[in-house]
Structure formats: C-alpha cells, structure tokens
Amino acid sequence: MLRIYSDEISEKYFDKELKLEGWLQDLRDLGKIVFLVVRDRNLFQVTCKGDLIKEVRAIPKESIISAKGVIKGNEEVMNGWELLLEEVKVLNKAETPLPLDPTGRTPADLDTRLNSRIIDLRRRDVTETFRNRTRVMREIRDFYYDEGFIEVNTPKIVRAGMEGGATLFKLDYFGTPAYLAQSPQLYKQMLMGSGFDKVFETAPAFRAEESATRRHLSEFISVDAEIAFVEMGDVLDNLEGLCNRVLERAAGIKLKEFPRLEYDEALSMVGREEMDRKAEVEISEKVDDDLFFILNYPAEEKPFYIMKKGERTNSFDLFYKGLEISSGGQREHRYPVLCDNIKESGLNLEDFKYYLEPFRYGMPPHGGYGLGFDRFIQAMMGLDNVRETVLFPRDRFRCHP
RNA sequence: GCCCUGGUAGUGUAGCGGCCUAUCAUCCGGGCCUGUCGAGCCCGGGACUCGGGUUCAAAUCCCGGCCAGGGCGCCA
C-alpha cells in the first residue's frame with residue numbers, strides 16, 4: 001500500500017483504509033485511548049484503542065512510524081478527520097532525550113538550535129524562513145530573466161583579492177596561494193567587455209572578517225548584477241525595480257519609489273559628521289520608508305573601481321529597515337583613470353593584470369551592485385539574527401554542522 | 001582587532017557567601033484516566049563550564065582558560 005500525505009486527505013478518503021507515515025511528534029495517553037500527533041508535511045491525528053495501545057506507548061517521540069487504518073471524519077479533531085489505527089510499524093526509532101524540543105514549546109537558544117539544526121528545522125515556523133528564501137530567490141531570477149540578463153557563474157577560487165586581501169580566506173591551490181572569492185566584482189565587470197551587456201549571479205561570497213554581530217556571516221549569498229551602457233540612475237532604477245517586484249510578489253508589499261538621499265543631506269538630517277553605524281541607524285529611524293538609498297559617498301569610503309565625481313563618487317548604499325543590504329554604483333571604465341585609482345588605493349597594478357586587460361580593448365561604461373540575499377530575508381521577515389535565515393550558517397566561531 | 005555581558009539537568013530557567021540534600025517548566029521512567037488536541041493528576045530520575053585561589057563555609061567572591069551572547073570597527 002502506497003503512503004499518502006495528510007494534506008492530500010479530503011472527504012473522498014473518509015471510511016477508506018490508508019497508510020500515512022511520518023514523525024511521531026506527540027503522544028497523549030488517556031489510558032484506554034491514545035492520541036498520536038504525527039507530522040509528515042503537516043500534522044495529523046492517529047487515534048489508537050485496544051491491543052495496539054501497549055505497542056504504541058513504547059514508541060519514543062520523533063520516531064518514524066508507518067500507520068495503517070481507516071480515515072474517519074470528525075469535526076472535533078484537527079483537519080476534521082483522524083486515522084483510526086489498525087496497524088503500526090516503527091520504521092526507525094528516535095533516541096531519547098532529544099537535543100531540543102522540536103515543537104518549540106520549550107524554547108532553545110539560537111546556538112543550541114544551530115547545533116541541532118535538522119531537529120530545529122522540524123518546526124513549521126522555522127521552515128517558513130526557507131520557504132520565503134525560495135520565493136524571493138525565484139522572483140529575483142525571474143526579474144533578471146525578464147529584463148534580459150544572462151545568469152553567470154564566476155570562479156570562487158581566485159588568485160588575488162579585490163581590495164587588498166585582509167578579509168580573504170587563504171587556501172592551498174596545488175602548492176600556490178589562492179583565496180575564496182569575497183565578491184564576483186572584478187569578473188562581472190570584466191564581462192561587460194564581452195558584449196553580454198547585462199549579467200547577474202547569485203552565489204556565495206566569503207569574508208574572513210572577525211565580525212561578531214547579528215548581521216554578519218563568513219559565507220553569505222550575494223546577488224550581483226552588472227549592466228553595460230548605463231549611468232548611476234539606471235542602476236538605481238534597476239535595483240529599485242528588483243526590490244519592488246520581489247517584495248510585491250513574495251511578501252505582498254506594495255510598489256513605491258525609495259527616497260534617494262545625498263550623503264551630506266543624510267548626515268545633516270541627524271546632525272552627524274561621519275557615516276558610522278550609529279548615523280545609519282539614526283537616519284533609518286528618521287526616514288519613513290523601509291527602503292532608501294544614500295548616494296554619492298566620499299571617495300575614501302569606496303573602492304577603486306567606483307567612478308569618482310569630484311570629491312564624491314557615483315556610488316550608493318541601499319538600506320532596508322536599518323540594514324545595509326546593497327551597495328553599488330557606476331564603475332570607472334576608463335583605463336588610465338582606473339589604473340590611477342588602483343595606485344592611489346595603495347594596490348599593485350601587476351596584481352590586477354587580468355582584470356585590467358579588457359579595459360584596454362573596448363570597455364563600455366557600466367554599473368551594478370551587490371545585494372546581500374540573507375540580509376534581505378532578515379529585514380523582510382524582521383528577524384533578529386541573520387543566522388536564522390541560513391540553514392547552516394558560517395561565522396567567526398561556527399564552521400559546523 | 002577592541003569593548004561589555006553571561007555560562008546551573010537533554011532544553012529553557014530560579015538561586016548570586018551558610019536557609020542548596022539547588023527552584024520551576026519541559027523532558028525521561030513508572031502509575032491512574034475512553035475523546036485528548038500545549039490533555040490532566042500522582043511517584044521517581046537528571047545539573048552548578050574547567051582549573052587555580054580567598055573563606056570556618058563557594059553555584060554564589062577573585063584570577064586564568066574554554067565556550068556563548070551583544071556592541072564597535074569593516075561590510076552584504
């Protein structure tokens with residue numbers, strides 16, 4: 001007999017004999033009658049009377065069971081039906097005690113939950129985060145496909161870093177040093193010289209920063225886009241369009257324009273001189289909208305590949321509920337200027353040989369951005385800690401499970 | 001890298017020099033109960049992060065290690 005899922009049961013199955021399988025989440029023993037709460041994709045009740053009671057009592061919670069019996073409609077019971085048990089098999093016994101309570105009634109710290117993440121993921125409210133990740137990622141991809149982007153995959157094992165190397169994970173590449181990519185930045189820019197015109201990538205990025213905050217990870221998913229023949233305003237429009245589409249379709253949040261604040265304007269709003277974390281938080285509190293841009297950062301706050309505009313740059317950061325979720329801008333596409341910028345940043349031109357080559361042989365003006373996917377989910381769902389949005393997060397102290 | 005906090009049964013907690021043979025809930029084991037749905041009731045089980053020190057006396061105070069949480073810097 002084939003197993004059927006509890007969410008497939010409707011009135012047409014009433015009074016038929018069926019087999020359902022899942023985890024034994026709970027057991028309520030009333031003596032001559034025992035109620036089992038079993039979980040497959042959802043919860044359902046198995047009701048047990050008579051000789052089977054002794055057998056059923058011995059099954060530890062969270063064991064995998066196979067339950068055969070007749071479906072009975074009953075308005076008093078969850079789902080409006082119950083399985084009257086006729087035969088039960090234990091397919092795999094769970095050990096006891098469990099490392100945490102999979103129903104969530106007894107709370108557990110995030111650290112405890114992450115140590116036993118698979119058990120933690122048995123909770124419906126925990127998996128909701130990951131259902132949202134799927135929805136959001138699907139909307140992101142569809143947005144780019146609809147806009148004519150090509151999806152690319154750039155290498156995650158790289159020779160040189162992008163801004164020095166202090167935040168890179170070093171590894172041994174057949175006897176020579178290599179690094180885990182902290183961003184696809186250089187590759188997606190190079191691709192602008194190929195004629196692809198519009199590219200995007202969703203891939204892990206690695207940062208060896210010793211950060212220990214609720215919004216940092218050592219490995220996170222970066223959504224990167226780069227577009228040729230555009231200026232900064234076009235890039236802003238594209239990112240705004242992306243966020244609006246995703247929020248509308250994945251979270252039911254209505255379309256609107258994001259405020260675009262000049263760097264100086266944003267600082268003076270809160271009477272501050274420096275754009276530190278405190279200023280960012282204060283600005284976010286002052287702005288009514290959940291999402292807003294800050295434009296034209298000073299050159300010393302931005303990397304060499306951003307196009308300068310006097311003392312400022314054609315750059316922006318995007319904030320969502322006080323979290324910096326994206327940064328980008330117009331890139332420097334003029335070879336001599338780019339070389340000067342690299343030198344001014346104290347970097348070695350020789351290290352950027354392969355990056356620079358396409359800039360010598362016909363590189364169009366271009367711009368783009370990187371968006372922190374995990375942070376986006378964190379802000380969208382209002383979660384305290386970005387680690388909650390990742391199945392198996394990696395941070396300064398965690399490389400397991 | 002810097003700064004601040006904290007580590008008590010499997011899980012989450014109370015206790016913060018002697019009343020601790022360590023609280024409560026959940027959990028696990030046993031018992032009662034035929035309609036529970038966070039079932040209920042009774043009995044039992046299980047813990048002071050590690051090392052050193054102070055003291056007549058340490059879960060409690062001090063120092064160090066380990067682990068964890070948070071903030072800053074940096075960033076997505």
Side-chain angles (χ1 to χ4, degrees), chain A residues 25-38 43-50 53 57-58 60-62 72 74-80 82 84 94-116 119-120 162-164 166-167 182-185 202-224 239 274-281 297 301-303 316-320 323-328 369-379 384-387 389-390 395-398:
Chain A
Q25 179 166 306
D26 214 350
L27 188 148
R28 286 189 278 273
D29 183 353
L30 274 70
K32 293 203 173 66
I33 185 166
V34 175
F35 302 100
L36 310 181
V37 177
V38 183
L43 298 177
F44 60 96
Q45 176 170 300
V46 173
T47 302
C48 176
K49 299 176 188 175
I53 285 178
R57 264 183 198 146
K61 284 180 190 172
E62 292 300 312
K72 281 283 169 205
N74 183 345
E75 282 308 312
E76 306 279 294
V77 178
M78 69 165 99
N79 308 328
E82 60 190 330
L84 297 183
E95 283 183 31
T96 174
L98 296 154
L100 49 79
D101 173 10
T103 70
R105 273 175 230 139
T106 302
D109 294 339
L110 184 58
D111 187 56
T112 304
R113 291 171 47 204
L114 292 176
N115 282 337
S116 301
I119 319 297
D120 182 51
M162 105 186 167
E163 288 138 83
T167 65
Q182 58 147 223
S183 157
Q185 182 63 33
T202 64
F206 305 91
R207 304 275 165 95
E209 288 286 350
E210 302 206 352
S211 312
T213 76
R214 294 176 295 172
R215 56 188 190 280
H216 285 89
L217 293 165
S218 303
E219 176 180 346
F220 64 95
I221 299 299
S222 180
V223 175
D224 270 90
L239 178 54
E274 258 185 290
M275 190 61 78
D276 52 17
R277 177 75 191 140
K278 221 173 207 165
E280 289 174 3
V281 170
Y297 281 69
E301 289 193 34
K302 287 291 172 185
F316 65 83
D317 281 6
L318 174 64
F319 292 83
Y320 185 8
L323 261 186
E324 183 184 338
I325 60 159
S326 175
S327 65
Y369 52 85
L371 180 144
F373 181 66
D374 317 276
R375 279 193 185 175
F376 187 90
I377 302 289
Q378 181 188 1
D384 286 338
N385 197 315
V386 71
R387 294 174 184 91
T389 71
V390 180
D395 63 42
R396 170 98 167 72
F397 302 105
R398 177 178 290 279

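Reminder, nothing fancy here: chain letters follow the sequence lines and each chain counts from 1.
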By the 4.0 Å heavy-atom rule, please label [X] as base, sugar-phosphate, or nothing.
{"X": "A/Leu217", "value": "base"}
{"X": "A/Val34", "value": "nothing"}
{"X": "A/Glu219", "value": "nothing"}

Give each protein N/O atom lying under 3.5 Å from an N/O atom of nucleotides 23-29 of chain B, with the pair distance.
{"residue": "B/rU26", "atom": "O2'", "partner": "A/Thr106", "partner atom": "OG1", "Å": "2.6"}

Counting only Watson-Crick or G-U wobble pairs whose two distances fall under 3.5 Å, which nucleotide matches [N]?
{"N": "B/rC28", "value": "B/rG44"}
{"N": "B/rU55", "value": "none"}
{"N": "B/rC20", "value": "none"}
{"N": "B/rU60", "value": "none"}
{"N": "B/rC67", "value": "B/rG6"}
{"N": "B/rG1", "value": "B/rC72"}

Pi stacking test for A/Phe220 and B/rA76: under 5.5 Å apart, planes under 30°: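 Base of B/rA76: stacked against A/Phe220.
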
OP1 or OP2 of B/rA76 under 4.0 Å from side-chain N/O of A/Ser327: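 So the side-chain polar atoms of A/Ser327 do come within 4.0 Å of the phosphate oxygens OP1 or OP2 of B/rA76, strictly under.
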
Got a list of protein N/O to nucleotides 64-72 of chain B N/O distances below 3.5 Å?
{"residue": "B/rG70", "atom": "OP1", "partner": "A/Asn385", "partner atom": "ND2", "Å": "3.0"}
{"residue": "B/rG71", "atom": "OP1", "partner": "A/Arg214", "partner atom": "NE", "Å": "2.6"}
{"residue": "B/rG71", "atom": "OP1", "partner": "A/Arg214", "partner atom": "NH2", "Å": "2.6"}
{"residue": "B/rG71", "atom": "OP2", "partner": "A/Arg214", "partner atom": "N", "Å": "3.4"}
{"residue": "B/rC72", "atom": "OP2", "partner": "A/Arg215", "partner atom": "NH2", "Å": "3.4"}

Rounding to the closest angstrom, what is the interatomic distance between B/rG10 and B/rA47 at atom P?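 Pairwise P distance, B/rG10 against B/rA47, rounds to 7 Å.
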
Pairwise C1' distance for B/rG52 and B/rG18, with rounding to whole Å: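 Straight-line distance between the two C1' atoms is 23 Å.
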
[X] side chain, from C-beta outward: closest of [options]:
{"X": "A/Leu30", "options": "B/rG1, B/rC74, B/rC33", "result": "B/rC33"}
{"X": "A/Glu324", "options": "B/rA76, B/rG73, B/rC33", "result": "B/rA76"}
{"X": "A/Gln45", "options": "B/rC74, B/rC37, B/rG12", "result": "B/rC37"}

Distances for protein N/O vs nucleotides 41-50 of chain B N/O pairs under 3.5 angstrom?
none

Below 4.0 angstrom, N of the basic side chain to O of the carboxylate: do A/Asp317 and A/Lys302 qualify?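 Salt bridge between A/Asp317 and A/Lys302, a charged N being under 4.0 Å from a carboxylate O: yes.
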
Provide, to the nearest angstrom, the distance between the CD atom belonging to A/Gln378 and the C1' atom belonging to B/rA76.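 The answer, rounded to whole Å, is 11 Å.
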
